[in-house]
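Report on one structure; see the data block that follows.
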Amino acid sequence: MDTHTSSSPSAANAKARPEVRYDPAEIETRWQARWAAQPELYAAEPATSRKPKYYVLEMLPYPSGQLHMGHVRNYAIGDALARYMWMQGYNVLHPMGWDAFGLPAENAALKNNTPPREWTQKNIAAMRVQMDRLGLSYDWATEVTTCLPDYYRWNQWFFLRMYERGLAYRKKSKVNWCPECQTVLANEQVINGYCWRHEETLVEQRELEQWFLRTTQYAQELLDGLDKLDNWPERVRTMQRNWIGRSEGATVGFAIEGRSDVVKVFTTRIDTIFGATSLQLAPEHPLIRAFADQDAELAKRVAALTDEQNHARESGDVGGIEKHGVFTGHYAVNPFTQERVPVWAANYVLLDYGMGAIMSVPGHDERDYDFASKYGIAIKRVIREKEPGEAPAPLPFASEDAVLVDSGEWTGLSCAEAQQKMTAFAKAKGFGEATVTFRLKDWGVSRQRYWGTPIPMLYCAKDGIVPVPDDQLPVLLPEHVEITQEGGSPLAKLPEFVNATCPKCGGPARRETDTMDTFVDSSWYFYRYTSAKDDTSPFDTNAVAYWFPIDQYIGGVEHAILHLIYSRFWTKVMRDLGLIRNDEPVARLFTQGMVIKNGAKMSKSKGNVVSPDEMIAQYGADAARMYALFAAPPDRDLDWQEDGVAGVSRFLARVYRFVVRHAELARSASRASAEASPAATMLLRKLHQTIRKITQDFGGRWHFNTSIAAIMELVNELTAADAAIAEGEVAPATVASILESLVLMLGPFAPHLAAELWEQIGRCDGVLRHAWPKFDEALAREDEIEVPVQINGKLRSLIKVSVDASRETLEASARADEKVQSALAAKTVVKVIVVPGKLINFVVR
RNA sequence: GCGAAAGUGGCGGAAUUGGCAGACGCACCAGACUUAGGAUCUGGCGGGGAAACCCGUGGGGGUUCAAGUCCCCCCUUUCGCACCA
């Protein structure tokens, strides 16, 4: 590469002088090759390091074979942070891996006749190349690939530990079935009745034997823990709180007339029980079934209700359907009043929440009111406002800031008090108790698919369900399997897989053929990074103790519930197994915005997908990454505009030319303290303001768009001073130090260019391990500023004053200003507001 | 329906604490150089007006010397939740 001559070009002839062109492709491939040759560059020091640790993590991708812009944005943020923290002297763990199990591999196998493993590994290789082309600072020695036995064996190991503790269990239940995936989905994976992967596919209900993980056992702790996660976005915490859905109330048993059964209902408003005028049961409630068994007409009408519920669920409008119900002809007895209340089946009562049955209090619940009005069921008032007006509040009246009326011995109590006392009464009499319910359900992890972790269980005719012993792990996923689109796991058709030996009796046993939900893989992968090669345990406990919790996790908000709640659950289980000490996996969570184009999320169907490869080929990785950070603050949606990338690329070219132009000067500069000239003072001031700004952005708001804008401002000022620098008006040592700081600040955003320029200015120690520049407040300080002068709040003039000018000086200078004087002429000054360093405002009449 | 976030030039966005609205970039306009280029450099660029000035941060009101920023009402968009008893 030809460097320019050492004769200092003046600004006048700069235009004519041939300059070195910024060639990002050449620079980037050269540096990527150098980095590839020194893998230790991005390796973390061991857990015994004395340095403070920093674990920065981006969500691992599914190896689809193609990085998209959302990934680029995610990794640009994480990479900038990792590099910055290295430069701040931290021991940084910055790993990457592959969420490599899952359905697309099977679909691809069907389409291209390629085995899922081969397809997946090919994609991983391709995406690895893309990541390297972006110059990302991952420690590939800790790479985790979840579809490899050395990883998924630990899924199996954890599953066995959970089974031993009763946290993994099998039950038959109604499950969500996606006809497209041909498998069961967890509740979390059903979005408004549709499959989370197939937005067009309605989820059906099926009855199946399934493996569950007892997430409900940790419901309370998962909820409480959210309060402590104050470095998580409030939005995410709210979503998780809603999802967990804790509700405090009471269960009350209503005896059924003419039967020995008691129907239990869950209510948060036991204080309104004197107003209960019917019981409403879910259509599939066992008691309704029992009634229907003896009444064909009822059975028919109840079935219609069930259908309505299913349709509503499938169409995603559960709240919108009209309330329907059927009177069963049976009565129950209100244990508080001994009144007979009719028992109904209603389509608005859900089987899987609470007890699947409610007491209907139409006077004080809007839904019950609608229902009772429609069917002519009695509506009673049993509470009223504390300070009643002339007329009591119209029904339905659901406030809890109220007192009881017509409620026997509880009349006159406040709702809160009544809830407590009536619950205690029910408990004492043995027909009820305080109850907390959660919306969160146990996690159904069975999937009737091939490409996942085999569930390590056996079924023996003699011994029943038998876990695979640890020493037989991993249960390997067979390699050559015919994938079909029919239901059921393809593994079930492989006798060599299914047929096993019972470890207890030595007799024949059948192997479980379901595989695990892939969310199992991502629930603990970040622990594995700390000791990815460990083949005797899932991870090294000491390494985890050092690195955890994750200091910064970065990813899309779409994982706010699923992945992040499962991960929290898994962490708590591992803690209770004695493997780790932290209660939470992630100390700080950052959710980045989406990448959109022309106002819509990038997608194939919309035809607005921008390929990272093309961007890199055309503008370079540095420009693509920097644009991803420059175009919007990272938490907001980003509108991808190719012209903007071109602009960033032009900026980098300008930096490149500027630094190269003065590289020789910087290389030969002596380190002796430089003489301050006006030009130097000005440039140093801008430099230190820029360092301060960027340092504060990293430590605070992460508005890298303004960090980059600040670097641009600095470069604008430097290039404007090009002639002054060339003519020696700035001491060489000062030029050298400015160039160094500039290049260092580019490090997190444009690592290839920074590395290249660092060498060009004669440094051979590498940017990454060099200390981040420090700002000097004294140098950053302006000594003269322009202060606006307002008259009645309108800008009339600007005056130049020293930064620390006193109020008196400010006012005097303002009054001395020509424009101000003419504006003040013939006016009476009523008041003068002087805010030192900010403004002066004359209030006049 | 409930909850949250957002709404600023032609566009992406800036204004961190109530203090010059529009930093930085894109697009555009004018000019320079010219080996004519999707390169580089210089200047301009919210609207109106010749100018002085006036208007301007979704709309309306308010507080204040001063409001994009605080308060009240409304509109729009996005996201989350939605018969949860």
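The chains referred to below are lettered A, B, ... by the order of the sequence lines, with proteins before strands, and numbering in each begins at 1.
To the nearest whole angstrom, the two P atoms, one in B:C2 and one in B:A14, are 31 Å apart. The C1' atoms of B:A32 and B:G13 are separated by 31 Å, rounded to the nearest whole Å. The same atom, C1', is picked in B:A30 and in B:C45; the two are 11 Å apart, to the nearest Å. On the P atoms, B:C79 is 34 Å away from B:C24, given to the nearest whole Å. Rounded to the nearest Å, the gap between the P atom of B:A4 and that of B:C70 is 15 Å. B:C65 and B:U16: their P atoms are spaced 23 Å apart (whole Å). Taking atom P on both nucleotides, B:G56 is separated from B:A39 by 39 Å, rounded to a whole Å. If you take atom C1' in B:U69 and the same atom in B:U8, they sit 12 Å apart, rounded to whole Å.
In this structure, B:G9 is classed as syn because its glycosidic torsion stays within 90° of zero.
The partner of B:U78 is B:A4, judged by Watson-Crick or G-U wobble contacts that both fall below 3.5 Å. B:C26: Watson-Crick or G-U partner is B:G10, with both key distances under 3.5 Å. Remark: B:C53 base-pairs with B:G48. Criterion, Watson-Crick or G-U wobble with two distances under 3.5 Å. Pairing partner, B:U40: B:A32, with both Watson-Crick or wobble hydrogen-bond distances short of 3.5 Å.
Taking atom CG on A:Leu652 and atom C1' on B:G25, their separation rounds to 12 Å, with Å as the unit. Distance A:Lys794 NZ to B:C53 P: 12 Å, rounded to the nearest Å. For A:Asp639 and B:G13, the CG to C1' distance is 11 Å, given to the nearest whole Å. One interatomic measurement links the two molecules: CZ of A:Phe704 to P of B:C24, which rounds to 21 Å at whole-angstrom precision. Atom P of nucleotide B:G80 and atom CH2 of A:Trp243 are separated by 12 Å, given to the nearest angstrom. Rounded to a whole Å, the CG atom of A:Asn792 is 19 Å from the P atom of B:G19. Straight-line distance from the CD atom of A:Glu234 to the P atom of B:C79: 20 Å, rounded to whole Å. In this structure, NZ of A:Lys838 is placed 8 Å from P of B:C20, rounded to the nearest angstrom.
Using a cut-off of 4.0 Å between Lys/Arg side-chain N and Asp/Glu carboxylate O, A:Arg241 and A:Asp227 are scored as salt-bridged. Salt-bridge annotation for A:Glu811 and A:Arg815: present, with a side-chain N of the basic residue lying under 4.0 Å from a carboxylate O of the acidic one. Between A:Lys819 and A:Asp817 no salt bridge is recorded (no basic side-chain N to carboxylate O distance below 4.0 Å). A:Asp697 has no carboxylate O lying under 4.0 Å from a charged side-chain N of A:Arg701, or vice versa, which leaves the two without a salt bridge.
The residue A:Asp637 sits close only to the backbone: its heavy atoms come under 4.0 Å of sugar-phosphate atoms, none of a base. Using a 4.0 Å heavy-atom cutoff across all strands shown, A:Val832 reaches no nucleic acid atom at all. Within the 4.0 angstrom heavy-atom criterion, base atoms lie near A:Asn841. Contact annotation for A:Lys819: no contact, since no heavy-atom pair falls under 4.0 Å across all strands. A:Leu798 comes within 4.0 angstrom of a nucleotide base, judged by non-hydrogen atoms across all strands. Among the atoms of the strands shown, none is found under 4.0 Å from any heavy atom of A:Gln280. A:Arg235 comes within contact range of the sugar-phosphate backbone alone, with a heavy-atom separation under 4.0 Å but no base atom that close. In this structure, A:Glu248 reaches neither bases nor backbone, as no heavy-atom distance under 4.0 Å exists between it and the strands shown. A:Phe630 comes within 4.0 angstrom of a nucleotide base, judged by non-hydrogen atoms across all strands. Using a 4.0 Å heavy-atom criterion, one finds that A:Gln790 contacts the bases of the nucleic acid, with or without backbone contacts as well. Note on A:Asn716: only backbone sugar-phosphate atoms sit closer than 4.0 angstrom, heavy atoms only; bases stay farther off.
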Q: Determine, stepwise, if the pair A:Gln641 / A:Asp639 fulfils side-chain hydrogen bond (donor to acceptor under 3.5 Å, both in side chains).
A: CA-CA 6 Å; A:Gln641 297 184 358; A:Asp639 190 46; 3.1 Å; yes
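Side-chain contact check for A:Asn347 and A:Gln309: no donor-acceptor pair (N or O, by modelled atom type) lies under 3.5 Å.
If A:Ala357 and A:Val557 are placed on RNA chain B by their nearest nucleotide, the residue sitting closer to the 5' end is A:Val557. When the nearest nucleotides of RNA chain B are assigned to A:Arg654 and A:Gly647 by heavy-atom distance, the more 5′-ward of the two goes with A:Gly647.
Around CD of A:Glu786, the count of heavy atoms belonging to other residues, nucleotides or ligands within 6.0 Å exceeds 12.
For A:Ser247 and B:A85, the shortest distance from a side-chain N or O to OP1 or OP2 is below 4.0 Å. For the OP1/OP2 pair of B:A14 and a distance below 4.0 Å, the side-chain nitrogens and oxygens of A:Asn705 include at least one atom meeting the criterion. Within the structure, a side-chain polar atom (N or O) of A:Arg701 is placed less than 4.0 Å from OP1 or OP2 of B:A15. Proximity of A:Arg241 to the phosphate of B:A4: no side-chain N or O atom is located under 4.0 Å from OP1 or OP2. Put simply, A:Arg636 has no side-chain N or O that comes within less than 4.0 Å of OP1 or OP2 on B:A5. Between A:Arg650 and B:A27 there is a side-chain N or O to OP1 or OP2 distance below 4.0 Å. The phosphate of B:A85 (OP1 or OP2) has no side-chain N or O of A:Lys264 nearer than 4.0 angstrom.
Atom-to-atom distance recorded for A:Glu234:CD and A:Leu226:CG is 9.0 Å, nearest 0.5 angstrom.
If you check distances only, the side chain of A:Lys323 does reach the base of B:C83 with a donor-acceptor pair under 3.5 Å.
Of the candidate nucleotides B:G12, B:A85, B:C20, B:A85 has the atom nearest to the side chain of A:Phe266. Of the candidates B:A85, B:C81, B:A23, B:A85 carries the atom nearest the A:Val349 side chain, counting heavy atoms from C-beta on. Listed candidates were B:G38, B:C65, B:C53. Nearest to the side chain of A:Lys831 is B:C65. Taking only side-chain atoms of A:Ala709, from C-beta outward, the nucleotide of B:G80, B:C24, B:A85 with the closest atom is B:C24. Out of B:C81, B:A85, B:U16, the shortest distance to the side chain of A:Lys693 is found at B:U16.
Judged by the 6.0 Å and 45° rule, A:Lys323 forms a cation-pi pair with A:Tyr348.
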